[in-house]
S.K.: 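Before I ask anything, let me first share the structure, which is written out below as structure tokens.
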Protein chains: 4
Amino acid sequence: MNAGFIGLGNMGAGMADNLLRAGHHVTVYNRTPGRAEALIAAGAHPAASIAAACQGDAVITMLANDAAVESVVLGQDGVAASLKPGAVHVSSSTIGVALSRHLTGTHADAGQHFVAAPVFGRPEAAAAGMLFVVAAGDADSVRMAAPLLDAIGQKTFVVSDVPEAANLVKLSGNFLIAAVIESLGEALALVAKGGVDRMQYIELLTSSMFSAPVYKTYGGLIARGQFAPAGFAAPLGHKDINLVQAAAEELHVPLPLASLIHDRFLTLFAHGGDRLDWSAIGQLAALDAGITAA
Amino acid sequence: MNAGFIGLGNMGAGMADNLLRAGHHVTVYNRTPGRAEALIAAGAHPAASIAAACQGDAVITMLANDAAVESVVLGQDGVAASLKPGAVHVSSSTIGVALSRHLTGTHADAGQHFVAAPVFGRPEAAAAGMLFVVAAGDADSVRMAAPLLDAIGQKTFVVSDVPEAANLVKLSGNFLIAAVIESLGEALALVAKGGVDRMQYIELLTSSMFSAPVYKTYGGLIARGQFAPAGFAAPLGHKDINLVQAAAEELHVPLPLASLIHDRFLTLFAHGGDRLDWSAIGQLAALDAGITAA
Amino acid sequence: MNAGFIGLGNMGAGMADNLLRAGHHVTVYNRTPGRAEALIAAGAHPAASIAAACQGDAVITMLANDAAVESVVLGQDGVAASLKPGAVHVSSSTIGVALSRHLTGTHADAGQHFVAAPVFGRPEAAAAGMLFVVAAGDADSVRMAAPLLDAIGQKTFVVSDVPEAANLVKLSGNFLIAAVIESLGEALALVAKGGVDRMQYIELLTSSMFSAPVYKTYGGLIARGQFAPAGFAAPLGHKDINLVQAAAEELHVPLPLASLIHDRFLTLFAHGGDRLDWSAIGQLAALDAGITAA
Amino acid sequence: MNAGFIGLGNMGAGMADNLLRAGHHVTVYNRTPGRAEALIAAGAHPAASIAAACQGDAVITMLANDAAVESVVLGQDGVAASLKPGAVHVSSSTIGVALSRHLTGTHADAGQHFVAAPVFGRPEAAAAGMLFVVAAGDADSVRMAAPLLDAIGQKTFVVSDVPEAANLVKLSGNFLIAAVIESLGEALALVAKGGVDRMQYIELLTSSMFSAPVYKTYGGLIARGQFAPAGFAAPLGHKDINLVQAAAEELHVPLPLASLIHDRFLTLFAHGGDRLDWSAIGQLAALDAGITAA
């Protein structure tokens with residue numbers, strides 16, 4: 001396909017590269033042009049503007065947050081204003097349900113297709129084309145986007161014909177990771193105060209019942225008290241929990257564990273932790289217990 | 001070794017069988033004698049009383065709860081009264097920290113060795129000798145118990161020279177599982193009210209980031225609303241959370257997520273759910289959200 | 001003083017009437033003109049537009065929520081555009097801290113004075129001039145507003161020279177009332193399930209340690225399960241808790257009890273309770289306990 | 001009446017004194033004899049033992065906690081063993097529901113009457129005979145106790161014919177006070193971080209909607225950060241919340257606010273606050289917000 005790609009951060013660069021490898025004709029745009037160089041060397045076409053990246057049959061956006069998506073998609077000469085009727089916008093950014101709904105309406109008004117397709121996975125998985133893609137949109141739109149989604153991920157889950165449902169699923173996944181962090185934080189505080197070695201405890205858990213990578217990654221960080229440099233900064237985690245809570249508010253779904261996690265972030269920020277990795281909320285149970293985290 | 005085994009329930013029967021397979025001389029006792037038959041057919045020696053099972057170098061107890069352990073170990077003609085000095089009692093039951101400490105003192109007073117060695121794993125893992133064993137006790141005692149522990153599990157983690165630490169670790173593990181149930185319950189309530197299919201959602205989670213068996217098992221149960229028959233009954237889960245909270249109380253470790261889970265159990269019981277699997281607390285977020293669980 | 005008054009609801013009508021009684025020259029405006037009639041009969045001058053109510057030395061606004069204040073104050077031909085330089089706007093509405101800050105800046109840019117002066121008290125207190133006024137603003141502005149504040153309330157508390165602080169105090173007061181509702185809801189669930197009569201229990205509490213009117217009012221409503229018609233509708237209570245949480249978010253102050261109350265509102269709405277009085281969240285503890293509220 | 005009185009602490013001394021003033025024949029016993037002197041000077045008869053204080057028609061006990069009541073009432077030569085059949089034991093101590101039920105059974109077995117009659121009020125109210133008495137027991141027993149209850153309190157509320165219900169009501173009252181402390185702690189953290197003076201804030205609240213003494217007392221303590229010397233020590237408050245939770249556990253009544261308060265006590269103790277007044281949990285919200293309490 002002839003597709004544009006906007007947003008060449010740690011995730012986007014790998015995704016765009018896999019589009020190239022799959023044989024697509026890819027036009028790339030990034031606010032900071034330097035990030036496009038390696039992709040251009042690999043065969044991508046440079047775009048000098050957002051509009052220039054929107055001249056093909058599809059455009060994928062992979063941006064940092066709601067504000068960036070609003071600016072890039074809804075701004076003057078943005079994606080919505082530039083994409084031709086009948087083309088498809090694939091939004092892979094982790095954004096809120098309300099913004100996704102707004103995009104759905106805007107693209108429908110413009111006769112464009114829209115697919116929300118956030119991804120699960122870290123930069124290494126993006127580079128390897130091993131992401132898991134959560135997609136939602138009407139059947140025609142999803143069918144159009146499929147060759148692109150196949151290129152960036154190892155598997156695509158189509159969860160709904162309403163785009164925002166995919167964003168809800170993505171946000172809920174980040175909530176579940178935060179829940180792992182909170183639960184490990186509490187368990188580590190308890191056993192550490194009871195005299196058990198933190199690292200051995202995490203090794204025990206992750207070599208038995210809790211073998212998922214998320215327990216290894218975050219368990220290790222909390223056990224070692226190693227929260228800098230941030231792999232995923234606390235304010236981003238906080239933002240995602242806020243988006244989960246906004247969706248839950250609208251749907252009238254009380255989420256007491258999300259409330260607890262939200263309050264943990266406020267405590268972290270009140271103590272100057274806004275530069276730390278989001279797993280730093282996992283040390284707060286230990287601090288409440290009067291012990292240092294590691 | 002010449003070892004007794006007391007408590008031939010779903011877990012204990014498999015553990016005793018693996019002692020036999022490893023070549024140990026095993027004397028078995030169960031309150032309900034019928035449960036010993038298969039083991040006797042496989043070469044175990046029957047004991048007519050607790051005391052009769054305590055004549056060897058070691059005895060393992062695998063009982064349902066604190067009350068059973070108190071009765072069997074501390075009761076008249078119980079383990080503590082019957083075991084010879086220098087022999088070792090291996091307590092694999094999931095019991096509270098306070099009782100474990102009591103047992104430690106009692107056995108020390110009697111010149112006996114004591115190892116707390118609770119296990120992670122389900123009956124199938126017990127039958128296959130694939131349990132994970134969490135052991136604690138002084139070095140001599142643990143060394144004595146090692147051949148038995150090797151026979152019942154695939155790996156032994158020695159976490160402390162104070163027996164109760166092993167019980168704390170075991171309890172914390174059950175807390176972590178309950179945390180998985182609660183977090184999945186909240187996430188499922190959210191995405192289901194947002195129109196996403198529950199089973200597809202669990203499949204998505206468990207084939208990507210949350211690949212640990214605990215997510216598959218409990219996610220499936222909650223998504224299907226299948227809480228009977230109980231694999232692990234809610235009152236047992238409640239009891240374990242209470243034991244976690246009792247340990248946390250003593251150590252002064254506030255555990256807000258444990259408090260939330262505890263309150264979920266009370267809600268479940270208030271609505272007649274005491275016969276259900278403990279994963280039934282995972283449907284309460286959906287009920288709060290005004291939807292049925294599945 | 002020559003003052004305008006905008007917003008003649010249950011609270012505003014009584015406040016404007018007390019301005020008249022104190023001898024002020026009052027020009028009144030309400031979106032629904034009929035509500036002004038009694039005041040005009042009592043000597044107030046009718047204004048045909050917001051702008052017409054802003055020609056004096058001061059204008060008081062008493063509106064339902066942030067959206068109404070945004071529209072009336074910041075809209076085309078609104079208060080900010082109409083008030084003459086040097087005149088004072090007294091905002092008595094219960095609004096968010098962020099909007100109050102916005103108004104502060106807007107009025108400063110226009111060379112106008114601004115005082116945030118939300119009130120504590122119900123419509124009867126407003127009619128009797130017995131409100132408690134929480135005021136904040138720079139000293140000059142507060143001095144200008146003082147004769148008006150004296151007329152509407154029995155006492156004015158000047159809490160800061162930054163207007164938004166008064167709004168924060170007002171919102172925190174509504175949080176405290178919601179905390180009373182939640183605590184009474186839990187206590188009533190407990191004693192009722194223990195066989196104690198709800199109404200006698202409230203009588204006992206309020207004739208001894210908990211003699212404040214808020215316990216009598218809300219205790220009675222919860223004990224009787226009398227949540228309709230709404231004196232203060234649940235969505236308004238929810239909105240105020242959301243504003244408290246927004247302020248706490250910005251200040252990095254975790255408020256776990258506010259989080260709990262917030263989740264209660266979502267549960268209430270999920271079960272169709274959006275027409276009920278906000279004290280209806282006080283029945284949810286009883287419902288969790290498997291009993292009906294009254 | 002001819003009544004014994006056991007337990008002459010800050011509360012009991014005043015209560016016994018009021019029995020004397022009402023013309024009753026009072027025999028007093030205290031573990032530390034010195035505390036009885038003033039009462040003996042005022043006309044009370046000294047008892048050299050618990051049994052000696054149990055020779056009349058009634059005996060009132062006013063002791064520190066469950067352990068003291070167990071020892072004094074159920075111990076060898078205790079109240080239950082010494083009181084004559086047909087006489088009445090009035091238990092005014094703040095004890096748990098389970099112990100109250102135990103006492104009910106023990107006294108019934110011995111042919112004695114039993115009334116649970118815990119009180120609301122501080123030592124000054126006890127001295128002035130202005131306590132509020134919460135009584136429960138069968139009608140005959142309550143009738144027997146009435147003259148004594150009339151003498152110690154300004155009003156008696158008979159809440160049930162089952163004694164333990166009175167204890168439940170008393171415990172729930174302490175929960176409600178703790179809820180006031182928690183809610184004030186959160187509100188003070190919020191407004192203080194927003195620049196409002198803590199003491200003025202409490203004055204504002206308590207001179208308007210929150211006029212109950214409990215808000216004045218505890219609001220002042222938290223606003224000033226004045227937690228020593230302890231009027232009611234944190235471990236006693238913690239114990240009462242534990243008793244509330246034990247009652248709620250048995251009745252299957254989830255109390256999330258009680259859980260939050262309970263966790264606050266653990267945090268307080270983890271940081272060495274076990275000598276402070278229980279209102280010290282009201283500073284924890286401020287500490288979470290990164291500010292000192294006062």
S.K.: Can you tell me which of B/Ala166, B/Ala248, B/Pro256 forms the most heavy-atom pairs within a distance under 4.5 Å of chain A?
M.R.: B/Pro256
S.K.: So, taking the atom named CZ in A/Phe132 and the one named CG in B/Leu204, what distance separates them when rounded to the nearest 0.5 Å?
M.R.: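 Answer for the CZ-CG pair, A/Phe132 versus B/Leu204, is 8.5 Å.
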S.K.: Under 4.5 Å, counting heavy-atom pairs only, tell me which of B/Val214, B/Val196, B/Leu190, B/Ile177 racks up the most with chain A.
M.R.: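 Of the candidates given, the most pairs with chain A belong to B/Leu190.
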S.K.: With a 4.5 angstrom heavy-atom cut-off, which part of B/Arg122 approaches chain A: side chain, backbone, both or neither?
M.R.: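 Answer is neither: B/Arg122 stays 4.5 Å or more from chain A.
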S.K.: What part of A/Val97 is in contact with chain B, defined as an atom under 4.5 angstrom from a non-hydrogen atom: side chain, backbone, both or neither?
M.R.: neither
S.K.: To check you understand the geometry: which heavy-atom pair defines the closest contact between B/Gly194 and A/Leu168, and what is its length?
M.R.: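 Result for this residue pair: CA-CD2, 3.8 Å.
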S.K.: Tell me, side chain or backbone of B/Leu188 under 4.5 Å from chain A's heavy atoms, or both, or neither?
M.R.: neither
S.K.: Would A/Phe210 and B/Val180 count as a side-chain contact (heavy atoms from CB on, under 4.5 Å) here? Give the steps.
M.R.: CA-CA 10 Å; A/Phe210 298 95; B/Val180 169; 4.1 Å; yes
S.K.: What option among B/Asp288, B/Leu260, B/Leu251 has the most heavy-atom pairs under 4.5 Å with chain A?
M.R.: B/Leu251
S.K.: Who wins among B/Leu176, B/Asp197, B/Leu205, B/Leu184 for the most heavy-atom pairs under 4.5 Å with chain A?
M.R.: B/Leu176
S.K.: Roughly how far, to the nearest 0.5 Å, is CE of B/Met209 from CG of A/Asn174?
M.R.: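 These two atoms lie 6.5 Å from each other.
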S.K.: Relative to chain A, which segment of B/Thr206 carries a heavy atom at a distance below 4.5 Å: side chain, backbone, both, or neither?
M.R.: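 The answer is neither part of B/Thr206.
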S.K.: Pick from B/Ser208, B/Ser211, B/Ala187: which one has the most heavy-atom pairs with chain A under 4.5 Å?
M.R.: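 It is B/Ser208.
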S.K.: Do the side chain of B/Glu186 and the main chain of A/Leu257 share a donor and acceptor less than 3.5 angstrom apart?
M.R.: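 A pair under 3.5 Å: yes.
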S.K.: Determine whether B/Ser183 and A/Ser183 make a side-chain contact, defined as any pair of heavy atoms from C-beta on separated by less than 4.5 Å.
M.R.: no
S.K.: Between A/Leu255 and chain B, with a heavy-atom cut-off of 4.5 Å, which part of the residue counts as in contact: side chain, backbone, both or neither?
M.R.: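 Both the backbone and the side chain of A/Leu255 come within 4.5 Å of chain B.
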S.K.: For chain B, which of A/Glu203, A/His252, A/Gln200, A/Gln154 has the most heavy-atom pairs under 4.5 Å?
M.R.: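 Option with the greatest count: A/Gln200.
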S.K.: Between B/Lys193 and A/Val253 (side chain of the first, backbone of the second, donor and acceptor by atom type, cut-off under 3.5 Å), is there such a pair?
M.R.: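 It does not hold such a pair.
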S.K.: Is it the backbone or the side chain of B/Leu131 that comes under 4.5 Å from a heavy atom of chain A, or both, or neither?
M.R.: neither
S.K.: Quick check on the structure: residues of residues 155-162 of chain A within a heavy-atom distance below 4.5 Å of chain B, by number.
M.R.: A/Lys155, A/Phe157, A/Val158, A/Val159
